[in-house]
Each structure stands twice: as C-alpha cells, then as structure tokens.
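All values derive from a computational prediction rather than experimental measurement.
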Amino acid sequence: MTFGKGARLHLIDGSAYIFRAYHALPPLTRKSDGLPVGAVAGFSNMLWKYISDQQGGDAPTHAAVIFDHSSKTFRNEIYSDYKANRPPPPEDLRPQFPLTRDATRAFNIACIETEGYEADDIIAALACQARDAGGEVTIISSDKDLMQLVGDGVTMLDPMKNKVIGPDEVAEKFGVGPDRVVDVQALAGDSVDNVPGAPGIGIKTAAQLINEYGDLETLLARAGEIKQPKRRQTLIDHAEQIRISKRLVELDCDTPLDFTLDSLEVKEPDATALLTFLSEMEFRTLTNRVAEKLGAEAPAVASATPSEVAAAPEQPAIDASSYRNTVDRAALDQWIADIRERGYVAIDTETTGLDEMQADLVGISLATEPGKATYIPLGHVAGGDDLFGQSQRLEGQMDLDEVLAALKPVLEDPAILKIGQNLKYDWKILRRHGITMTPIADTMLMSYALNAGTHNHGMDELAERYLGHKCIPIKDLIGSGKSQITFAQVDLDKAGAYAAEDADVTLRLYQHFAPMLPDQRVTTVYETLERPMVPVLGQMEMAGIRIDGDVLKRMSNAFAQKMAQLEDEIHELAGQSFNVGSPKQLGEILFDKMGLPGGKQGKTGAYSTSADVLEDLAVDHDLPARVLDWRQISKLKSTYTDALPTYVNKDTGRVHTSYSIAGAQTGRLASTDPNLQNIPIRSEEGRRIREAFVAASGHKLVSLDYSQIELRILAHVADIPALKQAFRDGIDIHAMTASQMFNVPVEGMDPMIRRQAKAINFGVIYGISGFGLSRNLRIPRAEAQAFIDTYFERFPEIRAYMDQTVADAKRDGFVRTLFGRRINTPGINQSGPAAGGARRAAINAPIQGAAADIIRRAMIRMPDAIRNLPAQMLLQVHDELVFEVEDGAVDELIAVARDIMENAAEPAVKLSVPLVVDAGQGVNWAEAH
DNA sequence: GCCCTCACG
DNA sequence: GACGTACGTGAGGGCT
C-alpha cells in the first residue's frame, strides 16, 4: 500500500522502551553463557504485547521502532553541554543495545536509527511527512519532548498507562497548547537533558508568561514590561541562553531520511526468524507464547544451570499422555515398592473442593522420577444428571479405604520424604482419613524461601517459570462459573492426565529448588521457619474456633435497623434517593449536586469519597457524617455479622480459617476464608463482634500478644542505645520518644504530645515521609517534617540503618531479616515515584519480617510445649496467639506459652532488648484480648 | 474482573 | 520543580 490518506503510522520510541525494560526487570542473564539479557527480554515482551494489542480495525498500516544512534548529535554543536550530565548507560545494559535492534528486526518491524540524530528528530520528520501525506500518526512514547508534535493527525500514546496524549493532555502538562510547548520548554529548561532555560523559571511560570505575551519572541522583546523585577531581569540577562534552549528542544521536520514511508508497511512476523531469535536468547516463556500464537512449534530452549543438570540429568519432557492410572492392587504395590526403594515420593490429592474441611477425597497422584507418575482414582462418579440425585460411582477404581490402608505406612514412614506443592492442603485431607504425613517437603515453601518478593508461588506459575511447562488448567476439566463441576465428575482419563502431571511437576520443581536452597543460603529459613509450619497450621486450622451465631444474628438485626434509619436521613439531606453504598453516586451528590469542595482523584476520574475525605467534610456538613456512620455499620454487617455464620462448619460447628504460609512478601501469614486476622477491635461497635468468638463450655479463650515487637526489633537491628535502654527499663516507649524529641518530662505528659510521638514511631517503621505523617496527624506538612528532622537528630542510628538497608537492597537485590529470611526487592533500582515505594518496602521488610519469624518460631515450638495441657492453639494475628484452654489450666497455659513466646528468638538470635508478652483471658475474644 | 473502601497488625 | 507518598494483608459491594 502506498502511504497516503487512510494510512496509519505508528512510531515507537525504542530507546524509551529499552530503558523502561531495563529498570523494570531484575538483572537477568542468559543461562548458557551469562550474557545480560534483562532489557532485551523486557523489550521483546513489550514488542510482543504491542503487536498482540494491534489487531482491531484501527491497527496501523505502517510502523517503525526508532532508536537513538549515538550520544553526540548536532545539538552538541549548538550547546556543548547538551545532555552532559547524563550518566553513561549501565555496564550490563550496553551490550544489550544491538540485541534490541535484532529483536525489532526479528519481529519484522522496521528498525531505524541515523548517525548524528536523536530518535526524536527522526520521529518528528516521519510524523511531518506522514501527516502531510494525509495519514494519521501515533507516537508511542510518553516523552514530554515529543509533545510539541501533537496536533492535527498526530497523537501520542503512553504505552505504560495505555493513555492517549492529545492536545488537551499536553495543555494539562505544559499549560499551553502543543504549538507553544517549545517556548515553555525553552524558558523552563530541563535538568535531565541539561537544557539551561531561564534560571528560577519552571513550567508553571513559563506557561503563565507565554500565555500572557503570546509567544517566546514577543515575550523576550517586551521583557521590560514584566512587573516582577527579578523575573524581568532574568529574562533580559538570559535572552540568548533561552534562544539556544529553544533550538535544543525544538524538533523540525527536515531531518534527512534515507528511506520512504512506504518501506515501513506492517508485515506479519516470520515465525521461524522470530522463534529462532527468542530461543537463542533463551526466553522460554515468550518463545512458547509466541509459538502458540503463531501456530508454530517452539524450538528447544536451553535452560538448565550447571547445578540443575547435576540434580536432574536428562529430564524427559512433560507428557501427560505417558501416564497410566493405577487401578489394581498389583500396580499399587509396585508403586509402593518403588517409593520404599527410593525413600521419597511426590504426592498430590484431588478433591471435590477447595475447603479441606469439607472436600471429599477423589484421587491421589504419585511421582517417583521425572516422567514417572500415576493417578489413583478413588471417588469419581458419572458426570451427567442422574435419576434421584444419586451419583453413580464409576467402574475401574480401587476401594478408597484399601488404598489408604496400603499407603498409610509409607506416608507415615519417617524414612520416606513426602514432597508436595502447598502440602498443607493434602496434609489436612489425609489427616481427616487418619493419616499424618511426615516428613514432608513443600515446593511452594522452597520457592517462597528463595523468591519471596519476586513472584508468587502457585504451581502453574512455578512450572512455567522454572520448567518452561504450561500445566493443564483446572478449568479445562471442571469449567468455571455456574456450570462448574467437581473433580469427582471428571472422567478418569482426563483426571489422570491432570493429576499425574501435578505430581510429576512437583517432583521436578523439588529437584530444581533443592540445590538452590544452600546456594542462596536459605536452607535454615526453609527448614526452621517454613517447613515446620505445615503441621502446626494444619492442626490449628482443623481445630477452628467456636462462634456464637445468635450473638451475630442479634447484632446483624440491630445493624440493619440502624442502617435503614441512617439511609432515610441521608436521602433526606441529599434531597433525593440514591445508593449510599455507591461511591460513584455519593461523589456526584456531594461534589456535583451539593457543590462541596474536594476534587477528582485517581486515573478513573472518579471523586474520592474515602473516610479521609468524608471526615474533612463532616466538620461542616451532616450528610458526610451520616455516611461515615452508615459505612461503618455496613462494613460490620456485611463482612462480619452476616458473613461469619456462613463459614461455620456443619460437622464441627466451628469456623476454620486457612492460613497462607507463602502469601505475604515479608514472612507474615495471611488468613483467608474467612480472614480472622482483621476482626474489628478499634471501634467499640466493632469490638463487640469479638464477643461472638467464644470458648467451648468449660473452657476459656486466652490471648497472648507481643508488646511493641516491631519497635523492639528496630531498636535491636538499628542499635539505638536510647531506645534499647528504654525497653530494658520498661518505660512507656512513646512517652520516652516524646520526651526526647520535645524536651518534656515523661511524668505528666500531654497525651497529644505522646500521640504524635507514637505516630512517628510507627511511621519510622514504614519509611516515614513528611507528607504521610502530616496526613496521619492532620498537621501542616512543614510541622511534620520538622518532627521527623528532630527525630532523626535524636536517634541518628535510625537514619543510618535505613540508608544501609536501602544500599544493601540496591547492591544485592534483596534484604534479609535477623533470621536470614530473604525478601527480594525488585524495583529498588528503578527511578521515579515507583522507587519511593520500593525503598519504603525494603526498609520495612526486615522489621516486619523479623517479627513474623519470631512468632513463627514460637508457634513451631508451641505444640510440644503444651502437649500435656488441655489446650489448643487456634489463631495467629501477626503478633498475637489465641488459645482455647480448659478452665483449670489457664494460668499454667499462660505461663508456658508466654515463656515460649518471650524466648522465641533464641538461640538463633540473642536480642539486646527483652520481648514482652501481654496475656488476657475470658469466655470470648473480646474479654481475652 | 477491576476499583473503591475499610477491617486488622 | 514536580511527582506521589507510611508497611503488610483480605473481603464485600458497585459497576462494566
């Protein structure tokens, strides 16, 4: 097609892609030879995503990726310091530049660079030509220097935010239209590119001046009329420098091009060329993905590191058709003999659901070496509808009890390792059948010890990342949504392929991860903080906690009444009826109809109606105050009083949460289905929900919680003498902080002062900012910043610790807790706003993580310590453990459990501050806490 | 399935 | 000079 009317040209800013890819990804290297390829990988992924996204009716007819060629351009002749303070590209990025060109060509997209010109110049020339020929141009970049090109026929697209940048967006950024952007840039200058501009003038002022005088030349000619003396003098003194700046930022249409627009026509990628490139780069996931999409065979991708090869030589490909179901005793006995001989087995159970307390066992799969796996179907039924709602058991399955009886000695044999993925699930299922698996290994927890912070640890993700294998999705077997069936209804062949594959994959993951634990120095973490959690949490979850449904029911009714009443009042105040629960509708009422102050927020453009905002409005208005009340009650009702009773198990009459061991980045547990780690306590109405968590008759609930554990850890790791002494002396730590900061005595301290010190103490743990503290305390930002400055002056060790932690994270790509837990920090070397978040997370992780380690250590020792007491450990809430104890044994339990908790760090770590545990007891959780 | 909001440590 | 801002979670309801 000849370029002309109707043609659509996409111009991709290649250099921006490269740097974004480089900073967004950890420093990957090609496994076979160590060549750095992280940026190439990210770049290729972005190109692939771009191509995949361009399938609609407005897909481009022409496209090109444009690169910068060299750092010296004609602009250096205009101004020798242009881009002079830009650091050279990182060592490991440099060899990747030519590879990104290769990648572009492999994707069959035109690849353009010209000696002596920046990518921006070429983009400008192409955009002009294409526009003049009657085509439409989209520049894929968020570079502000390109915004001057926006106009008729030319738009930009921010590839990260997927947001179109048109004249309005340009005006929003620069305060002037695209045609005046260069004037503003000339005045404001640019520190990144070292464009001087006019000193003391930023974009805001520049836009104001240009809007007042029309354009830059008029402004410079009439500079003498400017009222502000300093500004006037600046413009007069620096007129020449400003004109040079304009020439630096200005892009013109006359960059010589040695090719035509027609040559940029979009072509289909050549499958062979593309797949060859990707497999040579050893991008396994992308190779497979591209092959699948193009309907081509993926070439083999080299993968294994030397240590992996040693662990698992010549693994056969994962092939679901190679497995055979085990359906008779002779075959089962053979498997058992094989397992006994080897001393290990990978195991996976298939059930009718996700709730281990309710799901029925449907089958068991086993694997003993890569490629050697089987499925033992036990409870499969006919799929279709049956006569009386009775399910028809399928032929060709062994008897469940017989199989379990045969496997039990193996599964409980202390000399045979049972390997699983998320083995807590299978452990609980089998425990319900009287089998207690031990010893165990868990590939999910191995990955967590190694890779926390980098990615999640589900089997499908691990298989894809580390084995280059895409597992059969469960949805392919049981469907989804309303028509979903249970695994019991899946036919035996399909079930066998799926289940045996899971065991096979688990075994391979085990072989992959096992040698890496010592390599990465996380063996101790895995062995002492991860693996032992499985039986401990398994028992806690199976114990469950009793809930008084009547109490919740009564509260729910009361809440319903109160909500209805509040709703009426709110509608009355609003003058119309609307859904109070809809932030969208509420925002429109508050800000459009009533005209209250409080602007738009967020990328969706919706009004924020968060509690923060409503609290400010509530000072002068009744409606937001009522909405706050309504929200609180609505939350309590829907999330707690209504939802909790639905989780009561029919058989046990108790609620059984499930803890994720590998869910949180820091080592904390997370509680789901239901979440029992966020039961209300801060408000009085909410706190009463805890009255419904009750002990069995003749028992009490006992709660033990660590006092200030994170601050104590901070005092220890950052080695802060004043803080450590205060903890040793048992002084009120927030009052002590306030006393040090504001030079007031601890005795008779103003509670407000103490409150502020407390907020700062917590803020420090989170990587404090003046902004955050000012919002939290509702004080002016300058005041908050002054507090923080004083704090760091009084406790300089904290600043040093924070700087050191961030430096470590930047150097290593991870931080560690006192106990060696490794938390990876990808993104710590990013630049821009995202870096702030990564920094704070890196500062917080060792503190939050060490606290998590300590309570894990206590929990792991607890079952043995309390084995002779009539007591059970039921819940963990980050720094709190909840027990159910017979009435007569409460005091003894408290003594024993407190001792374990207070000494949990030892002997691994000798803390320089004491750990203190507070205890409470009662018939319900509200009393006990 | 995403966003907003809010419950906890 | 501007950006976006406390760390870590899970769940329910609205809306598309």
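- In this structure, Ala759(A) reaches the bases: a heavy-atom distance under 4.0 Å links it to at least one base atom across the strands shown.
- A donor-acceptor pair shorter than 3.5 Å can be found between the side chains of Glu880(A) and His929(A).
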- Message: So if I define the base as every atom that isn't primed, P, OP1 or OP2, how would nucleotides 9-16 of chain C read as a B/S/- string at a heavy-atom cutoff under 4.0 Å?
- Response: SBBSSSS-
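- Rounded to the nearest Å, the gap between the P atom of dA6(C) and that of dT5(B) is 14 Å.
- A donor and an acceptor atom never sit less than 3.5 Å apart when one is taken from the side chain of Arg839(A) and the other from the base of dT5(C).
- The neighbour count for Arg898(A) CZ, taken as heavy atoms of other residues, nucleotides or ligands under 6.0 Å away, is above 12.
- In this entry the distance linking CG of Leu875(A) with P of dC8(B) reads 16 Å, nearest Å.
- Legend: ring pair (Phe, Tyr, Trp, His ring centres under 6.0 Å) pairs involving residues 835-856 of chain A, not counting sequence neighbours: none detected.
- For Ala841(A), the listed nucleotide lying nearest its side chain is dC7(C); candidates were dC7(C), dG9(B), dA7(B).
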- Message: For a side-chain hydrogen bond (donor to acceptor under 3.5 Å, both in side chains) check, start with the C-alpha distance between Thr805(A) and Arg816(A), then their side-chain angles and the critical distance, and finish with the verdict.
- Response: CA-CA 9 Å; Thr805(A) 304; Arg816(A) 281 189 197 267; over 6 Å; no
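- With 3.5 Å as the limit, one finds a donor-acceptor pair spanning the side chains of Lys593(A) and Gln576(A).
- Across all strands, Ala845(A) comes closer than 4.0 Å to no nucleic acid atom at all (heavy-atom distances).
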- Item | DNA chain C base-pair string [pairs: Watson-Crick or G-U under 3.5 Å; |: paired with another strand] | ......|||||||||.
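- Separating the CD1 atom of Ile843(A) from the C1' atom of dT5(C) is a distance of 13 Å, rounded to the nearest angstrom.
- Applying the 4.0 Å criterion to OP1 and OP2 of dG8(C), one finds that Arg668(A) has every side-chain N and O outside that range.
- Judged by distance alone, with hydrogens and angles left aside, Arg682(A) brings a side-chain donor or acceptor within reach of the base of dG9(B), the pair sitting under 3.5 Å.
- Comparing the same atom, P, in dC3(C) and in dC6(B) gives a spacing of 26 Å after rounding to whole Å.
- Look at CZ on Arg775(A): it is 10 Å from P on dC7(C), rounded to the nearest Å.
- Side chain to side chain, Asp673(A) and Ser658(A) fail the donor-acceptor criterion of an N or O pair below 3.5 Å.
- Scanning for salt bridge (charged side-chain N to carboxylate O under 4.0 Å, His left out) contacts around Glu927(A) gives an empty result, with sequence neighbours left out.
- Counted by atom type alone, Tyr607(A) and Asp592(A) present one or more donor-acceptor pairs between their side chains at under 3.5 Å.
- Between the side chains of Arg631(A) and Thr609(A), at least one donor N or O sits under 3.5 Å from an acceptor N or O.
- Between the base of dC8(B) and the side chain of Gln677(A) there is no donor-acceptor pair shorter than 3.5 Å.
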- Query: Could you walk me through whether Ser447(A) and Asn451(A) pass the side-chain hydrogen bond (donor to acceptor under 3.5 Å, both in side chains) check?
  - Reply: CA-CA 5 Å; Ser447(A) 176; Asn451(A) 306 312; 3.2 Å; yes
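- Residues Ser245(A) and Gln185(A) bring no donor and acceptor atom of their side chains to less than 3.5 Å of each other.
- Distance, Gln848(A) CD to dC8(B) C1': 12 Å, rounded to whole Å.
- Taking atom NZ of Lys144(A) as the reference point, atom P of dA2(C) lies 14 Å away to the nearest angstrom.
- DNA chain C lies under 4.0 Å from at least one heavy atom of each of the following residues of residues 760-770 of chain A: Gly763(A), Tyr766(A), Ile768(A), Ser769(A).
- Atom CD in Glu710(A) sits about 8 Å away from atom C1' in dC7(C), given to the nearest Å.
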Which donor-acceptor pairs under 3.5 Å do the side chains of residues 755-767 of chain A make with protein atoms, sequence neighbours left out?
from, atom 1, to, atom 2, distance (Å)
Asn761(A), OD1, Tyr791(A), OH, 2.9
Asn761(A), ND2, His734(A), ND1, 3.0
Asn761(A), ND2, Thr737(A), OG1, 2.9

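- Rounding to whole angstrom units, CD1 of residue Ile201(A) and P of dA2(C) are separated by 13 Å.
- With DNA chain C read from its 5' end, the first of the two nearest nucleotides for Asn776(A) and Ile203(A) is the one closest to Ile203(A).
- Within the 4.0 angstrom heavy-atom criterion, base atoms lie near Arg781(A).
- Between Gln876(A) atom CD and dC8(B) atom P the separation is 17 Å, expressed in whole Å.
- Counting heavy-atom neighbours within 6.0 Å of Lys144(A) NZ, excluding the residue itself, gives a total above 12.
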